[in-house]
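Notes to accompany the following structure.
It should be emphasised that the depicted structure is a prediction, and the values quoted were computed from it without experimental measurement.
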Amino acid sequence: FSRLLVNGTMSAEFQYVRDVTVNETHIDDDEFGKIYPLFGNEIYTTNFTCGRDAIKSAAKTETATVVAGEEVGNGRYNNTIFHDGPAQVFMSEASSSDLEAYAGYQGDCFKIAEWLAKNATKWIIDDDSGRQKITDLNFTIPSSTPPGKYLLRVEQWSYSPYLQFYVNCAQIDLVGPGGGNPIGFAKFPGSYDYKAIDSGKLFAKF
């Protein structure tokens, strides 16, 4: 999810989204190597916060100004969500005004959007042919969300054929009236257990 939809316009790749390093097994293919998923026990590493080595690109990543209550979104590099599975969006406020120095793993995240099961056999991010109807993930940040500088973290999971995760973070400066109090905090890494995910038990909590 290398693009951010803001003010009705999809950004350039990694303009507002922290760039990630190429997976070591695909160093000869930069494009595919960056979208290569995280697997298994990688959910216990800091790569699960925003993607592989994402903090290294924070200083060169632009910060998008977003108005709470307006639609934003995350887009894939080729506008296609290839694998079916659940997706969620979280926000994590920087612990100081220096968003570029905020790695995210040390902070709390709260969920603002989700795409889960359509029915007992299908995910929302799926259609009858096995190809996805959703090409990007659009959502609205609640208008009462306290203003501040945040990481906007998107994750999508897939079982194809192994459990895999696609994770990226955008840098945003949220403006608006605020007044709300986010609840239901999680940490990444820290809140997910691989065995619970693989057994299908985790969604009772997240």
Give the cluster check for L99 versus V89: same hydrophobic cluster or not, with ILVMFWY residues linked at side-chain heavy-atom distances below 4.5 Å. no
Give a yes or no on whether F110 and V66 share a hydrophobic cluster (residues Ile, Leu, Val, Met, Phe, Trp, Tyr; joining criterion: side-chain heavy atoms under 4.5 Å apart). yes
Is the closest side-chain heavy-atom distance between P177 and S143 below 4.5 Å? no
Within-4.5 Å side-chain heavy-atom neighbours: M91 and I172: yes
Donor-acceptor pair, distance only, cut-off 3.5 Å: does the side chain of T140 make one with the backbone of P142? no
Keeping S191 on the side-chain end and K187 on the backbone end, is there a donor-acceptor pair under 3.5 Å? yes
Show the nearest heavy-atom pair for residues G176 and P147, with the distance to one decimal. O-CG, 3.8 Å
Is it the case that the ring center of Y192 lies less than 6.0 angstrom away from the ring center of F48? yes
So, does R52 use its side chain to make a donor-acceptor pair with the main chain of V22 at under 3.5 Å? no
Please step through side chain to side chain contact (heavy atoms under 4.5 Å, CB included) for the pair L174 and T145, ending with a clear verdict. CA-CA 8 Å; L174 187 70; T145 304; 3.5 Å; yes
I'd like to know if the side chain of S11 and the backbone of L4 have a donor-acceptor N/O pair within less than 3.5 Å. yes
Begin from the C-alpha positions of N74 and L5 and carry the test side chain to side chain contact (heavy atoms under 4.5 Å, CB included) through to its verdict. CA-CA 6 Å; N74 295 97; L5 175 71; over 6 Å; no
How far does CG of L151 sit from CZ of F90, to the nearest 0.5 angstrom? 13.5 Å
Cluster question for you: counting only ILVMFWY and a side-chain heavy-atom cut-off of under 4.5 Å, with indirect links fine, are V154 and F185 together? yes
CZ (R153) and OG (S92) are apart, to the nearest 0.5 Å, by 9.5 Å
Donor-acceptor contact below 3.5 Å, side chain D19 vs main chain F14: no
Is there side-chain contact between F139 and L152, with heavy atoms separated by less than 4.5 Å? yes
Do Y150 and I141 share a hydrophobic cluster (ILVMFWY, side-chain heavy atoms under 4.5 Å, transitive)? yes
dist S2:OG -> R18:CZ (nearest 0.5 Å) comes out at 15.5 Å
Side-chain contact, heavy-atom cut-off 4.5 Å: P189 with T49? yes
Using modelled atom types only, decide if a donor and an acceptor are shared between the side chain of T61 and the backbone of Y16 within a distance under 3.5 Å. no
Establish whether Y105 and V167 are linked, either directly or via other cluster members, by ILVMFWY side-chain heavy-atom contacts under 4.5 Å. no
Heavy atoms of C50 and A103 approach each other most closely as SG-O, 4.4 Å
To the nearest 0.5 Å, atom SG of C109 lies from atom CD of Q88 at 11.0 Å
State, without any angle test, whether S96 and D98 hold a side-chain donor-acceptor pair at a distance under 3.5 Å. no
CG/D108 to CZ/F188 distance, rounded to the nearest 0.5 angstrom? 10.5 Å
Looking at N119 and K122, what are the two nearest heavy atoms and their distance? OD1-N, 2.8 Å
Indicate the atoms forming the closest heavy-atom contact of A113 with K111, along with that distance. O-CG, 3.6 Å
Of the options F165, W115, F39, which is the one that meets W157 in a ring pair (Phe, Tyr, Trp, His ring centres under 6.0 Å)? F165
Worked check of side-chain hydrogen bond (donor to acceptor under 3.5 Å, both in side chains) between E42 and Y44: CA-CA 5 Å; E42 287 185 276; Y44 301 118; over 6 Å; no
Treating Q15 as the side-chain partner and E13 as the backbone partner, does any N or O pair qualify as donor plus acceptor under 3.5 Å? no
Donor + acceptor pair across side chains of Y102, E100 (<3.5 Å): no
Reported CG-to-OG1 distance for the pair D53 and T45, which is rounded to 0.5 angstrom: 9.0 Å
